[in-house]
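To start, the structure under review is shown below, and the notes come after it.
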Amino acid sequence: MTRYLITSALPYINGIKHLGNLVGSMLPADVYARFLRQKGEDVLFICATDEHGTPAELAALEKGQDVETFCTEQHEIQRSIYERFGLSFDHFGRSSSERNTELTQHFCKKLTENGYIEERTIKQVYSVDDGRFLPDRYIVGTCPHCGYEAARGDQCENCTRVLDPTDLINPRSAVSGSSNLEIRDSKHLFLKLPELEGKISAFIDEHEAEWPVVVTSIARKWLKEGLRERCITRDLKWGIPVPADGFDGKVFYVWFDAPIEYIAATREWADKAPSERDWKSWWYDAKDVRYVEFMAKDNIPFHTIMFPATLLGSEEPWKKVDYIKGFNWLTFYGGKFSTSQKRGIFTNQALEEFPADYWRYWLMANAPENSDSSFTFSSFSGMINKDLNDVLGNFVNRVLKMTAGKFSPAVPEGGEWGELENEFVKTLSTRIADYTKYMQAMEFRKATAELRAVWVEGNNYLTAAAPWTVIKEDREKAAMILRLALNLIRVYAVLSAPVIPNASKDMLSLLNLNDPDMAWIGEDTASALQMLKPGHAFNVPEKPIFNKIMPETVAELCARYGADPEAE
RNA sequence: CGCGGGAUGGAGCAGUCCGGUAGCUCGUCAGGCUCAUAACCUGAAGGUCGUGAGGUUCAAAUCCCACUCCCGCACCCA
């Protein structure tokens with residue numbers, strides 16, 4: 001049987017991520033993983049923090065911490081947030097782990113043996129006062145073309161010209177402002193991508209028909225422009241040491257070791273129970289594994305070109321990705337999420353405002369799959385109020401209250417399905433089949449819309465069956481209708497669980513199902529709708545399972561998060 | 001001629017690959033129901049699909065051509 005390996009792009013360590021980050025990788029990966037698990041598939045869902053690189057060092061510096069302490073702390077902060085969002089990682093690792101060090105060095109060794117790595121000496125800017133080499137973007141100065149005073153070493157943001165740090169007039173360190181800079185020779189390793197181009201290109205061709213447009217178009221663009229040797233080492237202290245002579249004090253470029261952490265994190269996972277977990281079977285010569293990666297579009301070149309190059313160049317049978325689910329950007333009121341301008345919502349703030357499921361539902365219903373999509377509080381409150389509260393929440397509430405009121409807080413007995421019920425089951429089955437199809441295909445917007453349609457069917461059925469009228473004439477028939485409706489709540493809980501796992505639990509606990517069977521609802525909808533037997537007691541809700549978001553609240557949120565309601 | 005993604009009723013989207021006179025959700029208006037959270041159900045109004053009195057075709061939102069506008073890639077950041 002096929003096993004499913006799922007990875008989400010690794011969130012970078014330097015700070016708390018915002019909603020765009022969540023929807024572009026971790027959340028959809030989680031929904032997919034949960035769905036497959038409920039289908040009874042063997043799933044391994046892996047993620048980790050991406051901890052190396054200059055931004056991490058600088059963020060630590062700013063906080064007055066050493067980088068290792070900083071990363072440990074930030075890792076824990078992120079891990080806890082994701083846990084509260086209900087992200088069901090089998091393992092959430094760290095790219096600074098020992099396992100990643102071993103594997104990254106292993107790949108470097110293999111690539112060297114196979115002739116895909118070349119040593120070169122390049123000139124680098126060294127800041128004497130900072131005691132470190134500076135990457136291009138951390139050198140600022142005056143642009144020789146337009147006179148802009150805060151041009152960066154890689155590009156002038158004012159006139160958009162691409163620059164070399166040596167072009168800058170009055171160059172200085174962006175870290176300390178010191179202008180005590182020197183050019184020093186430094187030895188580095190380069191990955192010879194041009195020599196792997198054929199293999200990479202063939203690898204992309206193989207998947208071109210199946211992968212989303214956003215993925216293949218970005219990959220093709222890189223190939224079209226021609227691959228170049230890429231420097232995979234850096235003059236930094238924080239990172240994975242380069243295991244080569246004369247490379248003391250140098251580490252790998254963060255983008256070289258980060259994807260390898262997918263494999264390393266799987267080892268970390270196996271290390272926790274070595275007798276029953278076989279990391280290698282997931283990654284090495286793993287013919288029965290289907291590997292799916294989730295990421296936002298900025299990550300695509302690294303996952304379609306760089307990481308495959310590493311794996312292909314090793315000339316070992318490492319598992320390569322089978323499907324890449326790429327996402328566009330989520331924008332905030334049409335503009336970018338911005339840390340510096342405090343625009344947008346960060347994951348920790350989101351959880352302080354509303355339960356995780358509200359965010360999960362909106363984000364999946366509006367996932368930026370085919371183009372960028374925009375977050376607004378009015379859209380958010382609209383969907384939460386209408387879909388979660390009115391359609392689903394109210395259904396649960398009305399059924400439980402009506403049954404308890406007209407009968408007792410237990411599944412009522414008597415009556416048999418008639419024509420209406422058979423028709424309803426048929427309609428519902430079709431809807432569920434479509435929902436399942438979209439989930440399988442990772443078409444999350446369509447899946448969420450179909451899930452909503454499944455909920456609506458319940459209200460439709462109640463209107464048609466009208467148990468509140470029927471009961472006056474035929475108590476048994478009313479019992480049958482409500483029994484079906486109660487079973488429907490269970491079916492909804494099962495089907496909704498991948499998207500809104502907590503609300504799903506709430507529904508199940510209202511039904512007194514504390515160790516519920518979460519098996520996916522397949523062909524046999526009819527028996528799924530008869531699982532709850534007459535006499536099974538349930539709880540009457542004291543309050544709705546969702547709360548509406550009032551217009552005043554929306555206005556407040558807009559003000560607090562710098563959103564301009566007019567700009568919608 | 002930088003690259004890529006878009007342009008469909010008031011808003012957000014589907015349909016475009018495999019052409020046959022447009023579908024969904026929200027909103028609006030009217031009606032129904034009364035079990036439920038001013039909730040649910042039904043119906044209606046509203047678009048000719050960015051522009052070109054362009055091309056192909058019996059037929060184009062859907063294929064071809066030209067153009068326009070928007071968004072992203074250039075502080076931060078995914």
Side-chain angles (χ1 to χ4, degrees), chain A residues 9-12 14-15 17-26 50 55 137 140 148 150-152 154-163 174 209 213-214 216-218 220-222 224-225 295-300 326-331 334-344 365-366 368-374 376 378-379 381-383 385-387 389-391 393-406 443 445-446 448-450 452-453 455-456 458-471 478 481-482 485 541 543-548 568:
Chain A
L10 308 185
Y12 196 66
N14 68 340
K17 304 292 109 179
H18 49 61
L19 291 179
N21 201 313
L22 190 66
V23 73
S25 53
M26 294 177 277
D50 173 13
R137 54 188 286 220
V140 294
Y148 181 64
R152 300 194 316 183
D154 51 353
Q155 186 166 36
C156 171
E157 75 186 64
N158 189 48
C159 68
T160 77
R161 290 214 212 201
V162 176
L163 303 172
V213 191
V214 65
T216 50
S217 69
I218 291 175
R220 228 182 301 126
K221 183 191 164 196
W222 274 57
K224 206 172 72 190
E225 288 172 355
M295 69 198 67
K297 59 186 171 186
D298 63 306
N299 269 272
I300 290 171
F327 288 88
N328 291 285
W329 305 130
L330 178 71
T331 60
K336 293 165 90 179
F337 275 87
S338 164
T339 312
S340 50
Q341 289 168 32
K342 297 192 172 159
R343 270 175 62 85
N366 295 283
E369 291 178 301
N370 297 320
S371 59
D372 294 353
S373 67
S374 177
T376 66
S378 71
S379 164
S381 67
M383 284 195 112
N385 293 348
K386 192 70 200 169
D387 296 3
N389 197 70
D390 295 352
V391 175
N394 179 53
F395 177 81
V396 172
N397 199 58
R398 73 195 289 207
V399 169
L400 294 176
K401 282 199 173 161
M402 189 182 352
T403 309
K406 307 279 186 191
E443 294 198 53
R445 272 174 180 253
K446 289 180 181 173
T448 313
E450 204 57 38
R452 180 188 190 282
W455 297 336
V456 168
N459 285 315
N460 269 327
Y461 170 70
L462 279 190
T463 303
W468 49 86
T469 307
V470 167
I471 195 165
I481 294 166
L482 290 172
K543 53 181 191 212
I545 53 177
F546 300 105
N547 294 304
K548 288 209 185 202
E568 287 177 36

Arg452(A) and Lys386(A): side chain to side chain contact (heavy atoms under 4.5 Å, CB included), yes or no, with the steps? CA-CA 10 Å; Arg452(A) 180 188 190 282; Lys386(A) 192 70 200 169; 3.9 Å; yes
Remember a base hit wins even if backbone is also touched, and classify [X] as base, sugar-phosphate or nothing at under 4.0 Å, heavy atoms.
{"X": "Pro544(A)", "result": "base"}
{"X": "Asn389(A)", "result": "base"}
{"X": "Leu400(A)", "result": "nothing"}
{"X": "Val396(A)", "result": "nothing"}
{"X": "Asn397(A)", "result": "base"}
{"X": "Gly405(A)", "result": "nothing"}
{"X": "Asn460(A)", "result": "sugar-phosphate"}
{"X": "Lys406(A)", "result": "sugar-phosphate"}

Specify the residue among Ser374(A) and Thr403(A) whose closest nucleotide of RNA chain B lies further upstream toward the 5′ end.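 It is Ser374(A) whose nearest nucleotide is closer to the 5' end.
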Map Arg445(A) and Ile545(A) onto RNA chain B by nearest heavy atom, then report which one ends up closer to the 5' terminus.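 Taking each residue's closest nucleotide, the earlier one in sequence belongs to Arg445(A).
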Could you state the [atom1]-[atom2] distance from [X] to [N], rounded to the nearest angstrom?
{"X": "Arg398(A)", "N": "C40(B)", "atom1": "CZ", "atom2": "C1'", "value": "5 Å"}
{"X": "Phe395(A)", "N": "C41(B)", "atom1": "CZ", "atom2": "C1'", "value": "13 Å"}
{"X": "Trp329(A)", "N": "G72(B)", "atom1": "CH2", "atom2": "C1'", "value": "8 Å"}
{"X": "Lys548(A)", "N": "A38(B)", "atom1": "NZ", "atom2": "P", "value": "8 Å"}
{"X": "Tyr12(A)", "N": "C77(B)", "atom1": "OH", "atom2": "P", "value": "9 Å"}
{"X": "Lys297(A)", "N": "C71(B)", "atom1": "NZ", "atom2": "C1'", "value": "8 Å"}
{"X": "Met402(A)", "N": "C35(B)", "atom1": "CE", "atom2": "C1'", "value": "3 Å"}
{"X": "Leu462(A)", "N": "C35(B)", "atom1": "CG", "atom2": "P", "value": "13 Å"}

Looking at every non-hydrogen atom in both residues, tell me the closest pair between [X] and [Y] and how far apart they are.
{"X": "Ala478(A)", "Y": "Val470(A)", "answer": "N-CG1, 3.8 Å"}
{"X": "Met383(A)", "Y": "Ala365(A)", "answer": "CE-CB, 3.6 Å"}
{"X": "Met295(A)", "Y": "Ala9(A)", "answer": "CB-CB, 3.9 Å"}

List the steps, then state whether side chain to side chain contact (heavy atoms under 4.5 Å, CB included) holds for Leu462(A) with Phe395(A). CA-CA 9 Å; Leu462(A) 279 190; Phe395(A) 177 81; 3.8 Å; yes
Does [N] have a Watson-Crick or wobble partner in any strand here, with both distances under 3.5 angstrom, and which is it?
{"N": "A14(B)", "result": "none"}
{"N": "U68(B)", "result": "A7(B)"}
{"N": "C75(B)", "result": "none"}
{"N": "C40(B)", "result": "G32(B)"}
{"N": "U21(B)", "result": "none"}
{"N": "A59(B)", "result": "none"}

Considering only side-chain heavy atoms of [X], which listed nucleotide, [options], is closest?
{"X": "Lys401(A)", "options": "C41(B), U37(B), C33(B)", "result": "U37(B)"}
{"X": "His18(A)", "options": "C77(B), U34(B), C40(B)", "result": "C77(B)"}
{"X": "Asn394(A)", "options": "C35(B), C77(B), C40(B)", "result": "C40(B)"}

Gap in Å between the two [atom1] atoms, one belonging to [N] and one to [M], rounded:
{"N": "U57(B)", "M": "C24(B)", "atom1": "P", "answer": "34 Å"}
{"N": "U37(B)", "M": "C73(B)", "atom1": "P", "answer": "48 Å"}
{"N": "G6(B)", "M": "G15(B)", "atom1": "C1'", "answer": "16 Å"}
{"N": "C69(B)", "M": "A60(B)", "atom1": "C1'", "answer": "23 Å"}
{"N": "A7(B)", "M": "G47(B)", "atom1": "C1'", "answer": "14 Å"}
{"N": "U42(B)", "M": "C33(B)", "atom1": "C1'", "answer": "10 Å"}
{"N": "G27(B)", "M": "C13(B)", "atom1": "C1'", "answer": "14 Å"}
{"N": "C67(B)", "M": "C58(B)", "atom1": "P", "answer": "28 Å"}

Detail all sub-3.5 Å separations between protein N/O atoms and N/O atoms belonging to nucleotides 15-18 of chain B.
unit_1	atom_1	unit_2	atom_2	d
G15(B)	OP1	Lys446(A)	NZ	3.3

Check: [Y] main-chain N/O paired with [X] side-chain donor or acceptor under 3.5 Å:
{"X": "Lys548(A)", "Y": "Ser381(A)", "value": "no"}
{"X": "Asp372(A)", "Y": "Trp329(A)", "value": "yes"}
{"X": "Ser373(A)", "Y": "Asn366(A)", "value": "yes"}

State, yes or no, whether a side-chain contact exists between [X] and [Y] at a heavy-atom distance under 4.5 Å.
{"X": "Asn394(A)", "Y": "Pro544(A)", "answer": "no"}
{"X": "Leu22(A)", "Y": "Lys17(A)", "answer": "no"}
{"X": "Phe327(A)", "Y": "Glu369(A)", "answer": "yes"}

Give each protein N/O atom lying under 3.5 Å from an N/O atom of nucleotides 25-30 of chain B, with the pair distance.
unit_1	atom_1	unit_2	atom_2	d
U25(B)	O3'	Arg452(A)	NH2	3.2
C26(B)	OP1	Arg452(A)	NH2	2.9

Side chain to side chain contact (heavy atoms under 4.5 Å, CB included) for His18(A) and Leu330(A)? Distances and angles first, verdict last. CA-CA 10 Å; His18(A) 49 61; Leu330(A) 178 71; over 6 Å; no
Between Asn14(A) and C77(B), is there a side-chain N or O to OP1/OP2 distance below 4.0 Å?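 Answer is yes, contact under 4.0 Å.
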Go through the steps to decide whether Asp390(A) and Phe546(A) satisfy the test side chain to side chain contact (heavy atoms under 4.5 Å, CB included), and finish with yes or no. CA-CA 9 Å; Asp390(A) 295 352; Phe546(A) 300 105; over 6 Å; no
